[in-house]
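The shown structure was predicted, so the numbers you read here are calculated from the model rather than taken from an experiment. FYI, side chains are in, hydrogens and waters are out, and symmetry mates aren't considered; it's all heavy atoms of this structure. Per chain, numbering begins at 1; letters A, B, ... match sequence-line order.
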Amino acid sequence: MYREPGRTGSEGRKGGRYRGGPMASPNLPDKPSLDGLEDRWGAVWEADGTYRFDRTKERSEVFSIDTPPPTVSGSLHVGHVFSYTHTDTIARYQRMQGKSVFYPMGWDDNGLPTERRVENYYGVRCDPAVKYVEGYAPPEKPAKKRQDYDAISRRNFIELCEELTESDEQVFEQLWRHLGLSIDWSMTYSTVGPTTQRISQRAFLRNLARGEAYSQEAPSLWDVTFQTAVAQAELEDKDRPGAYHDLAFHRTDGGGDIVISTTRPELVVSCVALVAHPDDERYQPLFGTTVTTPVFGVEVPVRAHPLAEPDKGTGIAMICTFGDTTDVTWWRELDLPTRAVIGKDGRFGFATPEWLDTDGAREAYGRIAGKAAGGAQIQMVELLRESGELLGEPKPITHPVKFYEKGDKPLEIVTTRQWYIRNGGRSAELREALLERGRQLGWHPDYMRHRYENWVEGLNGDWLISRQRFFGVPIPLWYRLDADGVPDHDDPIVPPEADLPIDPQADVPAGFLADERDQPGGFTGDPDVMDTWATSSLTPQIATGWEEDPDLFARTFPMDMRPQAHEIIRTWLFSTVVRAHYEHDALPWANATLSGWILDPDRKKMSKSVGNVVVPTDLLEQHGADAVRYWAASGRPGTDTAFDPGQMKIGRRLSIKILNASKFALGLGEPAPDAPVTEALDLAMLGELAGLVDEATRAFEAFDYARALQRTEEFFWRFCDDYLELVKGRAYGDGAGAASARIALRLALSTILRLFAPFLPYVTEEVWSWHQGGSIHRATWPASGSLRALAGDASGADGAPSCLVVAADVLGRIRKAKSDAKVSQRAAVDLVTVTDTADRIAALAAVIDDVAAAGTVATLDTVVTDGEGEAIVDVVLAPPAEA
RNA sequence: GGGCGUAUGGCUCAGUUGGUUAGAGCGCUGCCUUCACACGGCAGAGGUCACAGGUUCGAAUCCUGUUACGCCCACCA
């Protein structure tokens with residue numbers, strides 16, 4: 001499914017756009033501007049293949065990134081812009097370090113969000129029983145109610161999914177290109193489509209063959225709206241109002257009533273036991289005896305289990321099959337019978353349960369049959385009131401209830417057959433192995449590893465991967481049917497890998513005929529699809545062409561970096577580690593980088609309302625891509641960051657400053673290439689620059705792009721405010737001093753531009769094009785060594801005061817004097833006397849002409865003092881010239 | 001209940017091995033239409049570094065405890 005290499009042959013660089021100044025380089029604009037940079041350079045990068053992955057490089061020369069495939073079921077928001085920019089800065093840094101950067105984009109167009117979006121967009125719903133319609137056209141307007149949506153075949157439904165996601169993906173790609181992500185668009189993958197299906201099915205079959213995947217009929221959490229089982233990782237607690245109902249159970253030994261408190265009185269009919277803590281003296285005498293349930297009069301045992309909490313409710317609880325996950329634990333560990341009443345639709349079954357053996361009980365059940373939990377509860381409370389077994393009034397409480405994270409109704413627990421992948425939830429040994437994988441992984445920021453450990457240590461079951469949905473990767477299995485048409489789930493029919501991908505609903509297993517499907521003695525296809533995470537957990541394998549493109553795989557796997565959001569450590573990150581652990585006995589990547597969230601100005605997680613108002617394309621239009629990237633990159637790794645257009649304005653100002661400062665530096669004319677840097681001020685500046693390069697490099701190596709940006713920016717402003725002003729007078733002149741300044745300026749500019757390039761790709765490329773060949777994004781990341789060698793003693797290693805620092809300090813005093821006198825900074829100064837320590841005066845002496853020129857000072861005297869006090873700078877302004 | 005993170009001027013944040021007087025930008029005030037830049041520039045005001053102890057010659061930084069906010073996790077009758 002890899003796309004063909006992207007468009008080529010689009011228009012190249014537009015020449016002759018700029019008129020140069022008299023002394024300027026030929027490409028230097030009169031009035032530099034940010035306008036139009038995105039369109040122009042975007043086209044050039046595409047035409048030149050600037051970000052194309054070079055797959056001739058060996059693994060050691062490659063930096064490969066497991067890009068998060070955004071869910072193509074709506075729109076990208078500011079949060080995406082934020083985190084994808086972070087990754088892009090790293091990608092650009094690595095590319096400039098000489099790595100061949102493998103940076104594909106993926107689209108997650110597989111799963112429930114897509115299904116839901118397609119249903120609502122077209123007004124259709126999938127019904128596997130409906131036949132395929134060639135050339136099906138969805139309704140003009142979706143029906144108002146979901147029930148009235150057009151019922152269509154699975155194949156028609158999938159076609160609509162593909163149609164809608166295709167157009168969504170184009171919109172996404174445009175935004176990413178505009179933002180300047182340095183993605184190789186020829187390597188794009190999607191999570192639906194034959195290649196991904198094949199990889200996903202292959203990985204599953206290998207899990208199955210090694211015993212890592214298994215199926216089991218068991219109580220599982222069930223979403224009644226989506227009608228599918230869900231996994232532990234997809235749960236979300238929501239606080240919901242409820243009420244404690246005190247119910248009377250009757251001792252069969254004639255000892256009176258036992259009172260239990262429950263929030264789900266409607267489940268009395270499925271009660272299989274009462275339970276109290278083994279040490280609870282109040283109930284110890286009852287263990288081993290039986291009681292009868294209210295209303296239904298069913299006899300159930302009283303049992304002991306340590307999970308029962310004496311101080312909760314009355315200290316004794318009813319166990320139902322199943323009210324919550326604790327019920328499942330008790331049911332399993334106490335070996336209790338199953339009396340399930342709630343079906344997959346979330347309603348109480350119509351059939352009267354066989355364990356009800358009185359007419360009264362059966363009549364009572366008739367009043368709750370067919371009802372959903374809420375309606376059943378109302379009826380049940382009525383029944384309990386009538387029988388006098390509801391003691392007092394229900395006491396309202398608020399309590400956490402488990403929801404499917406995308407669902408809006410509480411989960412029920414329904415017994416179904418499901419597929420699982422072992423993930424350590426039931427094996428201490430496997431759990432430890434996976435914890436060890438977490439320890440081997442580089443986490444950025446490091447503290448995020450706790451979330452992984454927390455999650456793995458808290459697992460209480462294996463990973464449920466089957467979903468009773470339509471759009472997704474099918475479980476690639478069939479089952480033999482016996483003479484009664486009962487499937488043999490223990491010995492599935494497995495397709496050969498060469499046949500993948502298969503759809504067991506359409507394809508026929510070897511040795512069977514199509515008309516044997518669903519016939520006694522024949523076969524049946526597994527009806528389920530895999531959970532979206534079961535496929536997403538394979539993004540490293542999908543992106544790198546596992547078993548599809550062995551050459552690519554060898555050059556890119558295991559990957560270097562997985563960028564992702566921190567709230568999906570338990571799902572995406574963990575499941576990816578599990579799959580690679582099984583398949584490759586390795587980590588899928590060496591590093592995980594976690595991005596924070598975008599917060600409202602009031603520090604809450606960006607709300608839907610705000611998120612919908614702030615449209616990324618508008619931001620890019622309004623502020624420019626570089627400015628938006630600047631804002632994004634100033635958010636530290638893993639840290640939640642406030643949405644702040646103010647930061648974007650600063651980014652824009654920075655970009656403009658880069659244009660203008662560059663124009664100045666380059667407009668001085670090109671010095672002889674071998675002209676030496678001789679002046680102390682220039683050498684000191686280059687020495688400081690070397691330190692900056694080291695710092696930025698160190699920060700990037702630690703994935704701390706924000707720090708690299710912050711340091712570079714800090715240097716750059718001082719460079720402009722102080723160095724540029726100090727050097728200006730000399731640089732305008734001629735001779736060795738001017739040549740030194742011009743060489744140093746060009747060197748500094750080239751270095752600073754490259755340090756900024758990962759953050760501000762457009763403006764840096766623009767300036768680069770004024771005086772250098774090729775793309776800055778293919779240029780070499782600056783090295784401090786040559787700068788430091790050039791700077792020599794001026795590196796400041798000996799602890800002597802830097803002449804740049806002293807000069808800037810004195811210049812600042814002169815500026816303040818002018819500011820206090822409320823005169824122009826250009827106002828002439830007759831005399832400046834600097835009184836300072838010997839070493840600082842010595843530093844100043846080396847640059848005294850530059851300082852005098854920058855401050856328009858006629859005479860600059862220095863006085864050495866051995867005092868400890870601060871430097872004294874006396875400024876005598878020239879009298880204002882008479883007009 | 002367990003874990004993690006954050007707390008620095010009105011706002012957004014730097015402050016990496018503890019080291020002089022805690023920095024920057026925004027906003028605010030004043031000045032400057034200076035030949036790179038008015039989509040500017042220069043200068044200024046503004047902080048008991050959440051709180052309480054402790055270690056140290058020295059703490060925003062290290063330790064202990066507390067508080068607030070946020071997040072992750074948890075069997076939630």
Side-chain angles (χ1 to χ4, degrees), chain A residues 21 28 31-34 237 239-240 242 244 260-264 267 274-275 307-309 312-320 323-330 397 399-402 445 447-460 566-567 569-570 596-597 599 601 603-605 624 631 634-636 638-642 644 646-647 649-650 652-668 695 698-699 702 704 706-707 710-711 713-714 717-718 720-721 724-725 728 732 811-812 814-827 856 868 870:
Chain A
L28 210 56
K31 187 82 182 165
S33 163
L34 299 176
D237 286 355
D239 278 332
R240 283 296 127 106
Y244 278 123
I260 66 108
S261 267
T262 180
T263 56
R264 300 201 64 181
L267 290 177
L274 298 190
V275 65
L307 273 183
E309 293 181 37
K312 203 168 261 181
T314 56
I316 185 163
M318 66 170 181
I319 302 173
C320 306
D324 62 28
T325 53
T326 318
D327 280 344
V328 177
T329 307
W330 281 326
I397 55 156
H399 64 153
V401 178
K402 282 198 190 310
Y447 60 75
M448 288 293 179
R449 67 173 68 248
H450 296 293
R451 304 209 176 183
Y452 177 93
E453 283 164 7
N454 234 318
W455 174 252
V456 179
E457 283 162 2
L459 286 169
N460 53 29
H566 56 62
E567 78 268 23
I569 289 173
R570 67 176 182 174
W597 283 332
L599 304 176
R603 307 257 73 191
K604 295 269 185 281
K605 185 179 176 184
W631 160 74
S634 52
R636 273 153 61 233
T639 305
D640 296 345
T641 301
D644 187 1
Q647 280 296 111
K649 293 203 175 89
I650 297 167
R652 188 171 176 85
R653 196 172 68 118
L654 173 64
S655 300
I656 292 168
K657 191 78 173 176
I658 289 171
L659 286 177
N660 287 313
S662 303
K663 183 190 157 197
F664 167 72
L666 297 172
L668 293 164
E695 234 184 325
R698 219 179 303 127
D704 193 351
R707 184 180 172 82
Q710 190 240 326
R711 289 310 161 102
E713 185 190 9
E714 191 181 297
W717 283 108
R718 281 193 305 112
C720 290
D721 293 348
L724 243 44
E725 293 303 324
K728 195 180 270 182
Y732 275 131
L811 179 60
I814 297 169
R815 281 172 177 160
K816 179 160 161 52
K818 291 179 181 177
S819 200
D820 289 346
K822 304 200 171 192
V823 298
S824 160
Q825 290 297 327
R826 284 190 81 197
T856 53
E868 288 292 307
E870 64 180 41

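Separating the CZ atom in A:Arg451 from the CZ atom in A:Arg570 is a distance of 11.0 Å, to the nearest 0.5 Å.
When both pairing distances are held under 3.5 Å, B:U61 makes no Watson-Crick or G-U pair with any nucleotide shown. Across all strands shown, B:G23 pairs with B:C13; the Watson-Crick or G-U wobble distances both stay below 3.5 Å. Shown here, B:C4 forms a base pair with B:G70; the pair counts as Watson-Crick or G-U wobble because both key distances fall under 3.5 Å. Under the Watson-Crick or G-U wobble criterion, with both distances below 3.5 Å, B:A38 is left unpaired in every strand shown.
Residue-level contact check: A:Gln825 touches the bases, meaning some heavy atom is under 4.0 Å from a base atom. Among the heavy atoms of the strands lying under 4.0 Å from A:Arg652 is at least one base atom, whether or not backbone atoms are also near. Nucleic acid contact for A:Arg570: sugar-phosphate only, since backbone atoms but no base atoms lie under 4.0 Å from a heavy atom of the residue. At the heavy-atom level, A:Asp327 lies nowhere under 4.0 Å from the strands shown. Looking at heavy-atom distances under 4.0 Å, A:Ile656 makes contact with a base. Among the atoms of the strands shown, none is found under 4.0 Å from any heavy atom of A:Cys320. If you check every strand for non-hydrogen atoms under 4.0 Å, A:Lys657 touches a base.
The side chain of A:Glu309 lies closest to B:A77, out of B:C26, B:A77, B:G2. Distance from the side chain of A:Tyr447 is smallest for B:C4 among the nucleotides B:A43, B:C4, B:G25. Side chain of A:Ser819, nearest nucleotide from B:G30, B:G41, B:C75: B:G30.
Ion pairing between a basic and an acidic side chain is recognised when a charged N comes within 4.0 Å of a carboxylate O; A:Lys728 and A:Glu725 show such pairing.
Under 4.0 angstrom from either OP1 or OP2 of B:A77 there lies at least one side-chain N or O belonging to A:Lys312. Distances shown here put every side-chain N or O of A:Arg718 at or beyond 4.0 Å from the OP1 or OP2 atom of B:A24. Residue A:His450 places none of its side-chain N or O atoms closer than 4.0 Å to OP1 or OP2 of B:G5. One finds a side-chain N or O of A:Asn460 lying less than 4.0 angstrom from the OP1 or OP2 phosphate oxygen of B:C75. Phosphate proximity of B:G44 to A:Lys822: absent, as no side-chain N or O sits under 4.0 Å from OP1 or OP2.
In terms of polar N and O atoms assigned as donor or acceptor, the side chain of A:Thr639 never comes within less than 3.5 Å of the base of B:G5 in a complementary pairing.
In terms of position along RNA chain B, the nucleotide closest to A:Leu34 lies nearer the 5' end than the nucleotide closest to the other residue of the pair A:Tyr244 and A:Leu34.
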